[in-house]
Amino acid sequence: MIEIISSVFLIVGAFFSLTGAVGIFKFPDFFTRVHAASVTDSISTILIIFGLILRTDFDLVAVKLLFILIFMLLTSPTASHALAKSARHGGLLTLAETRSDKKVGDD
Amino acid sequence: MSFIVDHYNYWIVVLLMMMGFYVVIAANNLVKKIVGLNIFQTSVFMMYISIGKVNGGSAPIAAEGITTYSNPLPHVLILTAIVVGVATTAVGLALVVRIKRAYGTVEENEFEDKEDLI
Amino acid sequence: MFAQHLPVLPIILPLMAAPLCILLGRSHLAWLLATLVSALSFVISVDVLLTTLEQGVLSYAIGGWQPPWGIEIRIDTASAMILSAVTGISTLVLVYAKESIAKEVDPSQHTLFYTAHLLCLTGLSGILSTGDAFNLFVFLEISSLATYTLVSLGSDKRCLTAAFRYLVMGTIGATFILIGVGMLYMKTGTLNMIDLADRIAEFNGNRTLKTGLAFILVGVSIKLALFPLHMWLPPAYTHAPSAVSAFLASTATKVAVYVMVRFIFTIYGAEFVFHTMSMDILLLALAIVAIFKCSFMATVQSNVKTVLAYSSVAQIGYMILGISLVSSVGLMAGLLHIFNHALMKGALFMAVGAVLLRTGSVDIKAFQGLGKQMPLTMAAFTIAGLSIIGVPLTAGFVSKWYLVTAALEQQQWVIAMLVLLGSLLAIIYIGRILEAAYFKEPSELTAGKDIKEAPMLMLVPMWVLVIANIYFGIDTSLTLSAADTAAQLLTQSMTEIEAAQ
Amino acid sequence: MLVLSATCIAILSVMALALARALKADTVYDRILGVNMFGTKTALFIALMGFLSGRPDFLDIAIVYALINFLGMIAVLRFFEYTAGDENQEQEK
Amino acid sequence: MAEIIDLVLLGMLAITAFNIIFIKDLFTVVMLFGIYSFLSALIFVNLDAVDVAFTEAAVGAGISTVLMLGTLALTGRKEKASSHKTILPLLVVCVTGAALIYGTLDMPLFGDPDNPAHQHVAPRYIEDSPQEIGIPNMVTSVLASYRAFDTLGETAVVFAAAIGVLSLLGLPKRDRATIQSGLKSHLVLRVVAKMIIPLIVLFALYVQFHGDYGPGGGFQAGVIAAAALILYALVFGLPMATHVVPPRVLKALAALGVLIYAGTGVVSLFLSANFLDYSVLAEDPVAGQHIGIIAIELGVGITVFAAMLCIFYAFAGQTERKNIQ
């Protein structure tokens, strides 16, 4: 029974990370790509690590997995936030702003 | 076919060595030379580790229920070699910083006209 | 109680003294500690040399584990002889360095200089005494890293590019040795040198072993600056502080020659290397080209330190020539030249350092008229220069003499002639400097300043080396017997070849 | 076992895509994004490989991966903030 | 399954290396080098070399990348076109490559259990070391006991690197704590860093003392502890970090670590056993081995931590100075 639940978790986690990977190619501008990458990162980490925890018999390995989960939940959103802020600080424009400039340019 | 399967690890490692070696010789920028040096050394480490691998063996940490282990000796040698590699990189990068401060440039072709390289 | 622990002491004493120098902080204390430790290592290595002359090989298992499993310190006569030379010269250079680096290295870095010097000494004595192929690579890296630091301490900005070029080529050389040792381990499964020798003897001409040997020899040739791979040496020795040039010129490349001898004769066995791989022709050709091209380059240089650097590369050519003659007499001549050249080159670089201290320049014009102004220094330079040329009554003559006899013994008239011709070139580049010193008036470079004699702390080590030069030129009993037993030891497997010839 | 290897292959392909993003990127920030995603996915991949090869006590390496990936990101951003000052000067010059 | 993963990883590695050759923007080259180290560490995990993967990830991807970025901050990002022609390097590379391929023809088969490499010396390390030295991690037992002299040499190499960088770049002064030069504007980063850094230091201590039972040991612990403080210096600024760990203390710590290691060896000398022979450190030889290994791992951890942090301070000190002018 637990086996099936963990398999479901794993599959769904893998699916989300695949969508994230496709997202960083398909999305129009940088900020949506960062959004796609970091959101799917977090969700797939949670799902896969829970899937793995179910497979262990809840000993030291499970604690290590939880430690990884906490660590990654703390660091990867922060890293993506810092990246986006630095990109913004570095003068990167969002899609809306580039379109509005073009419109202003056209009129 | 089995000849290739048994040796593909070595051939790819040789390919990586040659890429690293090429970057070291052909790179004009000193920082890129050091990156090339690192790639060259890391691929040599991979050659050592693929010597130690045993098919079906597991990591050389004794655990019950596991009989065949991979050979621990190459791992010890490579632990030493990695730290030696980083030590050389650190000194090399420190030299690059000093060269930039002394010469104002880190491009190798711009040294020649600045002083007579014997 | 310490008798059986002697072989390991020359390595761990400098190793422990280096961090102590950092903890001591002040450069005078660091200098005192470094000189004492170096002198103690010299005494121990001379004692070890004497015991090896009687007992043959000393073996010491580190950590109590027997050799093929643990690492073994294995000292035979050849390594003990060169170890005594290295520790002796290191002591003299440390005494010399106190005054010499005062002007060339800024005071805040003197403690770091002594620490790096001790680490370099640790690396060199480690290479000379270890019996394990990978351990040799680790100690090679210690000595190389310490050498890059020492070279980059120079005052001239070009020492930085010289140190960087030396670092890149040195690391490529060390990685080639790593690849070679990896191939050896892959085929034999062991790293201990003696074990390797027995197991390699079973394979007759295996392709991986041949490639392994080729990579090790190329790596070691970079380290000992054999002819085509010597480009890093002249700028490094020219722009390094003179105390560093004195130490490196007389020890670093010589230890690399010892590594080549160890790999060719002990691990692979001479007949595999020289007959199946016909390496002797290649080494011979490179040695001869090295002698002539570098001697010629030495004659055209204006900077005296570059002249000496090129002369070092040429002298290494002589050593490789001795080794590639594939006979125990040839190998003995090579080992002898390692020892003698260390004495000669150390004295020459010290003299040039003294001139740099007093006149502020090492250009040949600065040497004009120094014969009268700095008599003792120039006298030392003259005797050491004559020893490079190979004038009788000096150590240089002894090693040249045995090189020629080794060549003649194999009816190689051409090589014997080439060795003598090489000495002629040496006469030219040494003669140019002597002529400037004694027969020319002081040039505009040194006209204004009144040039005093070099300080006592620099003259004493210089003259100790010069006297040793002359002593070993006349009474060759100690060096000859050591070199002879070493050559016999290394070339046991060679005897069948001579019989076959 | 099958599910584990399937997830492994999925994560491997995500890493390949992230690597492709890092190699072929128009702005530098996309490259950093690719490297960041690559780092986090490798940490997950090691956890999965630990379970696949039956030695789950190797999760320390996954922690180190996550840590080093975060350190790399902060170093890159610090580098950007530092050189941003120079680029503005270069643009103004 | 493992072979497929191995093949795919090696393929990705080759593509990354190929790109590194042709990219001119040095910043991207350093980023790709970070990925290269990560991938090679991943391959080491796949080839059962767990300790090596640990060190390669921590040292290769962590410290080297941070140092290279520090250098690039001073030397500029663009690599100028190299004028000299590339035929000679290509020729040299092809000759070496051909020699290497010639060498691989006789190499024993990859992964074959009865390779000569596994016959002669290795069986004793695998079978006897858990009994003789009493710790499950064979790599640590070989590293710390059978071949302890190698590791002593390696600690000396790390010490020599710290000395080299110190003599070239010098250490930053400790007094200028007033300048807020960290990532000022990233408030989120500062809060998260405050939470994470204690975790990392705790993890470093775990790795240090867990080295006998799982992957880990002195080197890895030293590097992770240094990474924690480098993170602190990056987020809160170098002056603040030099207040937490003053540079003079680091120089003393680096020297101390080497002395601890060599001192353990000398102690066994005084107990009339060979250098670095731990079995005399306690009545029961196996207990002696335990004490010896813990002592030298501590020595190694201290030296590596102090050396790596010293090197980072020297590099960061350069950028601070340039920043201020």
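Proteins come first, then strands; the chains are lettered A, B, ... in the order of their sequence lines, and each starts at number 1.
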Exercise. Ignoring hydrogens and angles, tell me if any N or O in the side chain of E:Y125 forms a donor-acceptor pair with the backbone of C:W69 under 3.5 Å.
Key: yes
Quiz item: Which residue out of C:G63, C:G189, C:A18 racks up the most heavy-atom pairs below 4.5 Å with chain E?
Solution: C:G63
Quiz item: Among E:D150, E:T96, E:V280, which has the most heavy-atom pairs under 4.5 Å with chain C?
Solution: E:D150
Quiz item: For C:L9 and E:L269, which heavy atoms make the closest approach, and how far apart are they?
Solution: CD2-CD1, 4.5 Å
Quiz item: Would you say the side-chain atoms of C:W65 pair up with the backbone N or O of E:R147, donor to acceptor, closer than 3.5 Å?
Solution: no
Exercise. Measure from the side-chain N and O atoms of E:N274 to the backbone N and O of C:A61, and report whether any donor-acceptor pair falls under 3.5 Å.
Key: yes
Quiz item: Among C:L145, C:V218, C:T130, C:D132, which residue forms the greatest number of heavy-atom pairs with chain E at distances under 4.5 Å?
Solution: C:D132
Self-check item: Max heavy-atom pair count under 4.5 Å with chain E, selected residue of C:T122, C:I73, C:L119
Solution: C:L119
Practice problem: Identify the heavy atoms of E:L168 and C:S152 that sit nearest to each other, and give their distance. | Solution: CD2-OG, 3.6 Å
Exercise. Identify the heavy atoms of C:F215 and E:A99 that sit nearest to each other, and give their distance.
Key: CE1-CB, 4.2 Å
Self-check item: Portion of E:A273 that has a non-hydrogen atom of chain C nearer than 4.5 angstrom
Solution: backbone
Quiz item: Should E:K251 and C:T111 count as side-chain neighbours, where that means a heavy-atom distance under 4.5 Å?
Solution: no
Quiz prompt | Heavy-atom check, side chain of E:L152 versus side chain of C:I62, under 4.5 Å | solution = no
Quiz item: What residue in C:L20, C:L150, C:L160, C:D195 has the most heavy-atom pairs under 4.5 Å with chain E?
Solution: C:D195
Quiz item: Does the gap between the ring centers of C:F134 and E:F149 come in under 6.0 Å?
Solution: no
Exercise. Decide yes or no for C:I71 and E:Y146: does some side-chain heavy atom of the first lie under 4.5 Å from some side-chain heavy atom of the second?
Key: no
Quiz item: Between C:I142 and E:G153, what is the shortest heavy-atom contact and its length?
Solution: CD1-O, 3.3 Å
Exercise. Tell me, for C:F139 versus chain E, whether the close heavy atoms (under 4.5 Å) come from the side chain, the backbone, both or neither.
Key: side chain
Exercise. Just do the side chain to side chain contact (heavy atoms under 4.5 Å, CB included) check on C:L191 and E:V121 with the steps written out, would you?
Key: CA-CA 9 Å; C:L191 284 168; E:V121 171; over 6 Å; no
Exercise. Please report the closest heavy-atom contact between C:G64 and E:D277, naming both atoms and the distance.
Key: CA-OD2, 3.8 Å
Practice problem: Any chance you could measure E:I101, atom CD1, to C:R207, atom CZ, to the nearest 0.5 Å? | Solution: 12.5 Å
Exercise. Using modelled atom types only, decide if a donor and an acceptor are shared between the side chain of C:Y60 and the backbone of E:F275 within a distance under 3.5 Å.
Key: yes
Quiz item: Sub-3.5 Å donor-acceptor pair from the side chain of C:T208 to the main-chain atoms of E:G103, do we have one?
Solution: yes
Exercise. Find the one option among C:R199, C:E141, C:K210 whose heavy-atom pairs under 4.5 Å with chain E are most numerous.
Key: C:R199
Practice problem: Test C:M16 against E:V258 for side chain to side chain contact (heavy atoms under 4.5 Å, CB included), laying out the working first. | Solution: CA-CA 7 Å; C:M16 292 182 81; E:V258 178; over 6 Å; no
Quiz item: Between E:S167 and chain C, which part of the residue has a heavy atom less than 4.5 Å away: side chain, backbone, both or neither?
Solution: both
Exercise. Considering only heavy atoms and a distance below 4.5 Å, find which of C:V8, C:N192, C:L153, C:V138 pairs most often with chain E.
Key: C:V138
Quiz item: Under a 4.5 Å cut-off applied to non-hydrogen side-chain atoms, are C:T149 and E:L166 in contact?
Solution: no
Practice problem: Under 4.5 Å heavy-atom distance to chain E, tell me which part of C:M186 shows up: side chain, backbone, both or neither. | Solution: both
Quiz prompt | Region of C:F176 that comes under 4.5 Å of a non-hydrogen atom in chain E | solution = side chain
Quiz item: Is the count of non-hydrogen atoms from other residues, nucleotides or ligands lying under 6.0 Å from E:Q131 atom CD greater than 12?
Solution: yes
Quiz item: Which region of C:T188, side chain (C-beta onward) or backbone (N, CA, C, O), has a non-hydrogen atom less than 4.5 Å from a non-hydrogen atom of chain E, or is it both or neither?
Solution: backbone
